[in-house]
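Here is the structure we will look at.
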Amino acid sequence: MAARKAGLPEYEGVAEPKPWRRWLRYSGMAMQIIAFVLLVIEVFRMIETDFFGIDQSRIIIYLVVFFTGRVLQMIAGFSRH
C-alpha cells in the first residue's frame, strides 16, 4: 500500500502473484455462490412442499460443490510461491 502511494511498482523485489491463483480464487468463489443459491432454492422448494419428497442427492451435490469451491480458495491462499 505504501509503495502504491509513493508511486513505486507494487511488486518490486517481491515475486508477482501467479495468474493461476487468481483463477483458483475466483472460480472457487463462483462455485460457492452458485451452490449457495441453489441450496437456498432447494430449501424453499422443501418448505413449499412441506418436506414431502425431499431429494437428498441434490442437496449433497450442492454441498460438495460448495466445499470444493472453498478448497480451491484455500489452495490459492496457501500457495504463495
Checklist entry - Does R45 reach the side chain of E42, with side-chain heavy atoms less than 4.5 Å apart? => result yes

Checklist entry - Does one hydrophobic cluster hold both W20 and V71, with members joined at side-chain heavy-atom distances below 4.5 Å? => result yes

Checklist entry - What closest approach, in Å, do R25 and A76 show between heavy atoms, and which atom pair accounts for it? => result N-CB, 3.9 Å

Item to check | Shortest non-hydrogen contact from V65 toward M31 | outcome: O-CE, 3.7 Å

Checklist entry - Say you draw a straight line from CE of M46 to CZ of R58; how long is it, rounded to the nearest 0.5 Å? => result 11.0 Å

Item to check | Pairs touching residues 63-73 that satisfy salt bridge (Lys or Arg N to Asp or Glu O under 4.0 Å), sequence neighbours left out | outcome: none

Next on the checklist: Hydrophobic clustering (ILVMFWY, side-chain heavy atoms < 4.5 Å, transitive) - are F67 and L38 grouped together?
Outcome noted: yes

Checklist outcome for this item: L72 and S27 have their tightest heavy-atom pair at CD1-OG, 4.0 Å

Next on the checklist: Using the rule side-chain contact (heavy atoms from CB on, under 4.5 Å), only one of V40, I41, L39, I47 pairs with V43; which is it?
Outcome noted: I47

Item to check | Within one Ile-Leu-Val-Met-Phe-Trp-Tyr cluster: I34 and I59, side-chain cutoff 4.5 Å | outcome: yes

